[in-house]
Amino acid sequence: MKNFKELNLSQELQDAIEKIGYTTPTPIQAQSIPLMIEGKDMIGLSETGSGKTAAFSIPALQLMDTNATVPQLLVIAPTRELAMQIAVEIRKLSQKMNGVRVATVFGGDSMPRQVKDLKTANVVVGTPGRLMDHIRRRTLIMKHLKFIVLDEADEMLNMGFYEDIEMILSKTPENKQMALYSATMPREIYKLSNDFLNNPVTVNVISKQKSPSQIDQYFYYVNMRQKQNALLVLLKFYNPERAIIFSNTKRMADEISSMLRGKSISANALHGDMPQNTRTAVLNEFRTGKLKFLVATDVAARGIDIDGIDLVINFDLPQTNEYYIHRIGRTGRAGNKGTSITLASTRNQLAQLQQIKKMTQSSITERALPSKKEVEENIITAQSQDILEGMNKDIHPLAIELVDNLIKGSDNQLNELGVAYLLANKLVGSVMDTYDLDAIDQLSKPVVSRKGNQKTKVMVSLGRKDRLRPKELAMGIVKGIRVKPADVGDIKLYADYTLVLMDQKNAEKLVQKGTLRIGNNSAKFEFFKQD
């Protein structure tokens with residue numbers, strides 16, 4: 001299907017679609033809209049950002065009676081944010097139609113306002129808990145419903161809403177049309193469809209969970225205690241315009257956002273324990289660019305559709321592999337390039353990453369944390385570009401006055417070049433103070449033990465891909481240079497190599513030895529050098 005005109009929609013809908021800027025239907029839209037217009041029940045399997053809202057809204061708006069002031073379309077969503085987003089989309093699609101009135105109902109919002117809106121609404125979008133409240137209060141009339149949509153159905157089931165959804169659907173008319181949209185197809189979805197859908201047609205536009213090719217995916221293997229410092233350095237190294245940082249818990253989202261704000265970095269958390277007005281304000285700030293970094297849990301971020309996100313960071317690996325696709329799909333939209341970063345700290349997490357790579361058929365490349373020197377070079381490049389962008393702009397009179405005052409205030413000991421150095425020093429210093437680069441750079445510096453012996457890192461030519469085991473390596477070193485097991489310090493495995501922390505004397509013995517037999521492999525040893 002090449003364009004929306006082939007769908008034989010009303011002129012009002014076509015005008016609205018054209019005004020919004022939609023041209024070619026997405027796969028889920030091209031397949032869903034004709035089926036729903038024909039009156040079919042359906043199950044739509046598609047990912048976030050695939051155009052699901054228009055896929056079910058357009059046929060419902062095409063068929064509903066806009067003269068009636070009773071609910072005809074009910075959309076059930078897992079979160080308040082997604083409900084609001086769906087309502088906004090429906091209002092855009094119906095902007096050329098007369099008589100479409102949309103009510104949004106969710107927790108944390110004014111109940112009197114919702115009751116008032118429901119009296120004349122013919123479209124209702126809400127979350128399960130608040131919908132049940134209105135059903136019990138008899139402020140939501142269900143008997144005239146023609147269309148019911150469950151959006152992000154798998155997420156609602158993960159959140160424990162199965163019984164609530166069952167109760168809501170049991171109150172709806174038998175003669176209705178239903179559509180169920182989900183990114184995955186767990187057993188509960190099959191049960192729900194068998195109980196409430198009538199011979200549904202399944203539309204599957206998920207391409208084997210393959211991750212988008214326009215997203216560059218990397219992971220960093222870091223110690224758990226170093227994760228927050230690693231996050232700071234990576235934020236400075238990648239220098240995104242806007243990014244989402246995912247954590248698995250509300251407590252961690254608060255902790256990370258508080259840590260970033262403590263460093264004068266524009267960040268805030270988004271999770272289910274926050275009051276609705278706060279969540280709305282945070283999202284608006286992020287959407288308009290006032291907020292640079294959003295630290296979110298999976299549930300709170302579900303349904304967020306914001307362009308211009310150039311970096312996604314998995315501070316925690318997702319609790320299910322399917323969430324990985326949803327997370328990184330927030331970047332690389334509308335044909336733009338995006339980047340995703342994952343921080344892994346345990347062997348189990350490395351194994352999970354391998355599973356995700358197979359599931360998504362993608363390359364997730366391991367990278368070593370950038371050194372202080374590399375980050376400093378990025379800072380110089382970024383600041384230079386920022387300053388040079390102003391070359392073609394007029395110099396503000398106050399800028400000229402500032403330079404003159406600095407020269408005069410130094411009793412002419414400063415010339416223009418000296419002033420430039422002073423101002424650059426102040427600019428770079430304010431940036432460097434924000435990020436604790438020294439904390440990460442300690443990884444490549446000698447460590448002093450309690451006994452006062454200087455410790456250093458030795459690089460081993462074997463890594464995880466060689467199935468190297470730390471215990472096997474430690475015993476090989478003990479036997480190879482005849483030291484005590486306690487003399488072999490921390491061992492950190494990477495994909496292609498391994499780092500061993502040892503005191504200077506034993507490290508020199510190991511490097512002089514050059515090669516040792518470790519298991520079935522021959523390992524080379526050399527001092528680890530990092531600029």
Side-chain angles (χ1 to χ4, degrees), residues 44 48 52-57 60-61 64 68-94 100-173 176-182 192 196-197 270 272-280 283 299-305:
T48 300
K52 297 193 302 292
T53 304
F56 60 73
S57 300
L61 291 170
M64 67 183 288
T69 57
V70 291
Q72 297 172 64
L73 168 61
L74 172 64
V75 184
I76 308 174
T79 65
R80 292 170 275 193
E81 285 75 24
L82 182 55
M84 288 189 290
Q85 184 176 303
I86 291 169
V88 168
E89 181 77 1
I90 292 175
R91 290 188 180 103
K92 286 181 181 177
L93 289 166
S94 62
V100 176
R101 289 167 291 277
V102 184
T104 53
V105 296
F106 44 76
D109 191 31
S110 167
M111 180 64 82
R113 193 273 302 164
Q114 292 179 11
V115 171
K116 180 181 177 182
D117 289 349
L118 286 171
K119 288 180 179 178
T120 57
N122 42 29
V123 176
V124 178
V125 186
T127 54
R130 185 50 65 94
L131 287 170
M132 287 179 62
D133 288 341
H134 284 289
I135 292 171
R136 283 191 288 263
R137 288 168 174 253
R138 298 184 179 180
T139 49
L140 173 59
I141 307 300
M142 307 274 276
K143 62 182 180 181
H144 301 290
L145 285 174
K146 295 181 178 179
F147 312 97
I148 299 177
V149 177
L150 272 63
D151 197 10
E152 306 280 12
D154 54 345
E155 185 60 33
M156 282 192 278
L157 299 183
N158 288 337
M159 294 167 68
F161 285 135
Y162 189 91
E163 292 181 357
D164 293 355
I165 294 169
E166 273 193 320
M167 193 282 271
I168 294 169
L169 296 180
S170 68
K171 303 292 183 181
T172 59
K176 62 180 179 293
Q177 187 178 347
M178 282 193 63
L180 185 155
Y181 286 86
S182 180
L192 201 64
F196 293 100
L197 274 66
L270 185 75
D273 282 353
M274 297 166 63
Q276 178 57 37
N277 58 347
T278 304
R279 291 169 68 172
T280 302
L283 269 178
V299 171
R302 201 71 180 251
I304 295 176
D305 189 6

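Each residue takes its place number in the sequence, starting with 1.
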V88 side chain near M84 side chain, heavy-atom distance below 4.5 Å
no
Taking atom CZ of R138 as the centre, report whether more than 12 heavy atoms of other residues, nucleotides or ligands fall under 6.0 Å from it.
no
Shortest non-hydrogen separation from L145 to P173 and the atoms involved
O-CG, 3.8 Å
Quick one: closest heavy-atom pair of R101 and T120, and the distance?
NE-O, 2.8 Å
Looking only at heavy atoms, what is the nearest atom pair of T104 and A83, with distance?
CG2-O, 4.3 Å
Between F56 and I86, is the side-chain contact (heavy atoms from CB on, under 4.5 Å) condition met? List the steps.
CA-CA 10 Å; F56 60 73; I86 291 169; 4.2 Å; yes
Exercise answer: donor-acceptor pairs, residues 161-170 side-chain atoms, under 3.5 Å, sequence neighbours excluded:
residue : atom : partner : partner atom : Å
Y162    : OH   : K191    : NZ           : 3.4
S170    : OG   : E166    : O            : 3.4
S170    : OG   : M167    : O            : 2.6

Of all the heavy-atom pairs spanning A87 and V102, show the shortest one and how long it is.
CB-CG1, 4.0 Å
I'd like to check the salt bridge (charged side-chain N to carboxylate O under 4.0 Å, His left out) partners of R130; sequence neighbours left out, ordered by chain and number.
D133
Atom CD of Q85 and atom OG1 of T53: how far apart are they, to the nearest 0.5 Å?
6.5 Å
To the nearest 0.5 Å, tell me how far I141 CD1 sits from Q72 CD.
13.5 Å
Under 3.5 Å donor-acceptor, T139 side chain and H134 backbone:
yes
Can you confirm whether F106 sits close enough to L82 that some side-chain heavy atom of one is under 4.5 Å from a side-chain heavy atom of the other?
no
Among V149, L131, V123, which one satisfies side-chain contact (heavy atoms from CB on, under 4.5 Å) with L74?
L131
For N122 and A68, indicate whether the former's side chain and the latter's backbone hold a donor-acceptor pair under 3.5 Å.
yes
Heavy-atom closest pair (L73 atom, A60 atom, distance to 0.1 Å) is CD2-CB, 3.9 Å
How many angstroms lie between OG in S57 and CZ in R91, if you round to the nearest 0.5 Å?
11.5 Å
Nearest heavy-atom pair of M156 and I76: which atoms, and what distance?
CE-O, 3.4 Å
Around K92, counting heavy atoms of other residues, nucleotides and ligands shown, do more than 12 lie under 6.0 Å from its NZ?
no
Can you tell me how far CD of E89 sits from OG of S94, rounded to the nearest 0.5 angstrom?
10.0 Å
Working for side-chain contact (heavy atoms from CB on, under 4.5 Å), residues F196 and L180:
CA-CA 10 Å; F196 293 100; L180 185 155; over 6 Å; no
Inter-residue atom distance K146.NZ - T172.OG1, 0.5 Å rounding:
15.0 Å
Gap separating the NZ atom of K52 from the CG atom of D151, nearest 0.5 angstrom
5.0 Å
